[in-house]
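Below you'll find the structure, written out as structure tokens, and then a few comments.
These numbers come from a predicted model, not from an experiment.
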There are 2 protein chains.
Amino acid sequence: MDAPRPRKRATILDVAREAGVAASTVSRAFTNPGRVNQATREHVLDVAKSLGYTPNPMARALESGRTETLALLVPDITNPYFAGVIKGAEGAAARSGRTLVLGDTQESAATEAELVRRLGPAVDGFVLSASRLPDTELRRAAELNNLVLLNRAIPGITGVVADFGSGTRQIIDHLASHGHPSAVFLAGPPESWSGRRRWAGLEDAAHAVGMTVRRLGPYAPTREAGAAAADAVITSGTTAAVCHNDMLALGVMRRLLERGVRVPDDVSVVGFDDIFGADLCTPTLTTLAEHTQDAGARAVETLIHLGLQRTRTDQSWQLPTHLVVRESTGPCRIR
Amino acid sequence: MDAPRPRKRATILDVAREAGVAASTVSRAFTNPGRVNQATREHVLDVAKSLGYTPNPMARALESGRTETLALLVPDITNPYFAGVIKGAEGAAARSGRTLVLGDTQESAATEAELVRRLGPAVDGFVLSASRLPDTELRRAAELNNLVLLNRAIPGITGVVADFGSGTRQIIDHLASHGHPSAVFLAGPPESWSGRRRWAGLEDAAHAVGMTVRRLGPYAPTREAGAAAADAVITSGTTAAVCHNDMLALGVMRRLLERGVRVPDDVSVVGFDDIFGADLCTPTLTTLAEHTQDAGARAVETLIHLGLQRTRTDQSWQLPTHLVVRESTGPCRIR
DNA sequence: TTGAAAGCGCTAACAC
DNA sequence: GTGTTAGCGCTTTCAA
């Protein structure tokens, strides 16, 4: 069974002819309501609607150089951590009348660079979330494009980051209040800027309260990697494990269970991100929530602002975090 | 601190001048490698690279009418069910050298219609996942755009749907094998095409094996709605509950637990989708897996194919499903 | 094999 | 207020 191919769309000239005005008048009716007679404008809009006319964004962009389109690049769309970021960014873009293009870099710097290159001329700017690109490449990209980084800070480039300083302090205070004398940090990939910040924050906070912290790893930020990480925890003899992220924490908890280590009775487990699932597992996971949706929205808003102003600033934002205490942490009971 | 605004990008004319050829030759060097002297071509490409030139997709699109961009619209980006769809679609689009635009319709038909209207002229086609639009609107949209539906079937419009016929049979067979004489279906929103198919499949399959099924609801497809649904299950006195989707199932299980009903000892619970989290909860959830990533990829591939051929067909695809048996289902023990 | 020129649909001067 | 005109960056005839 066959059906007709998509109809050709009406152009501004079709509307102009049908309405008995010039193309520029139609254009003005849409973009410059003030500078056209009210009656003409209404007539034009009527005709446009009857013809099903929508301005062609491509043609518009060609003239103005602006596409009203923003790109968001994330390492892995299926990672629930990014769901909030995407949602927030999409919302902020839509609210401003812009379109959001989503790119999955597949955790690869090469793919990310390629996407930036390809998408560059077609968008007004980028939000790079958890970028895998080295600083130099990022700087180069920022020369050609409006750019906002999410959870990555580079001097001279605008960024939005979670307040890991406060967040890690909350974690340490929580563990210390439960009497844990020490903790291990199960580190993620060394390239992870967030990961480095998390570790630095934990060290500082632990130092401040006289707690000992040690770093183990690195581990992949996945559930699968949790097995190896959990075994390392067991070997370490510690009573508290802070994991690079919730995915890893989930894997760690599962493995501890398998090995007969009780959470939180024997070992307390903390994660980062508060992803979907953190309150589904058993025990439910204590984790540092990052307000990813706010972060995504803020990044887009900052990006829009960047495109609007004449000079660029590297003003960056720090977003609050808060510890969600659930069942995976409890009092220290030295074995 | 100020930094320069994004540099102006090199145009085809810059390259032409620098290379000492005409713009058309540069154009050919990029798009028609065969019709230009090998040496000239290499020279042009060298110059282009040194200038950091990338063809402007907008200008290209203006001429050809094709943008190499596809749009995927989903009701809710944060719903883990769609993560797979998005990933699959993104992958297929990238593989074909196309860009994917993602839209969140916020479960609203109005937002969806608006997005289709706005994005229409800027993309080569749409994948509408779990569309909320009525049939008539969908038909109209399909007249103006290349369109592929995901989990929705309308005669004359190409679609990709999960094989709920086989899937629901698997569910019923599984429950019947455990001796459950009856089951209830906790229905989702009445507008949900998938939901209607699921119920129809369950009825047929149950009839075939002499099992009784009853429909309860409708309930929102959320964890929160699970409380009301679980209470209805308790009232019904049944031993098996099949839920509209995993989100609802998660909520139902939590509530049953709170009310002291044991899963699966007292009631077996089945979901649909196999979302992230289905194997995190306690007990882990038996659910019908849908291969959402394949579905997303297939939808995009079909869409591309649609744009390439001269005549449109409404050929639709049915994707296999399989029941993932976990801990939430077990033998019937009449109380 | 290459160049010149005419648009693609729209906006932005510049007239009237 | 409204029409005319000249491009935006690129592809694509049509000549050479």
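Panel note: side chain D104(B), backbone I77(B); a donor-acceptor pair is recorded below 3.5 Å.
Between T99(B) and E68(B), the side chains place no donor N or O within less than 3.5 Å of an acceptor N or O (distance only, hydrogens not considered).
Ion pair D135(B)/R140(B) not flagged as a salt bridge, since none of the NZ, NE, NH1 or NH2 atoms sits closer than 4.0 Å to an Asp/Glu carboxylate oxygen.
Each of T25(A), L45(A), V26(A) was checked for a side chain to side chain contact (heavy atoms under 4.5 Å, CB included) with V15(A), and the lone residue meeting it is V26(A). The side-chain hydrogen bond (donor to acceptor under 3.5 Å, both in side chains) test with R132(B) singles out one residue from E191(B), E107(B), Q106(B), E112(B), and that residue is E107(B).
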Where along nucleotides 7-14 of chain C does protein come under 4.0 Å, by heavy atom, of base (B) or sugar-phosphate alone (S), with - for untouched nucleotides? BBBSBBB-
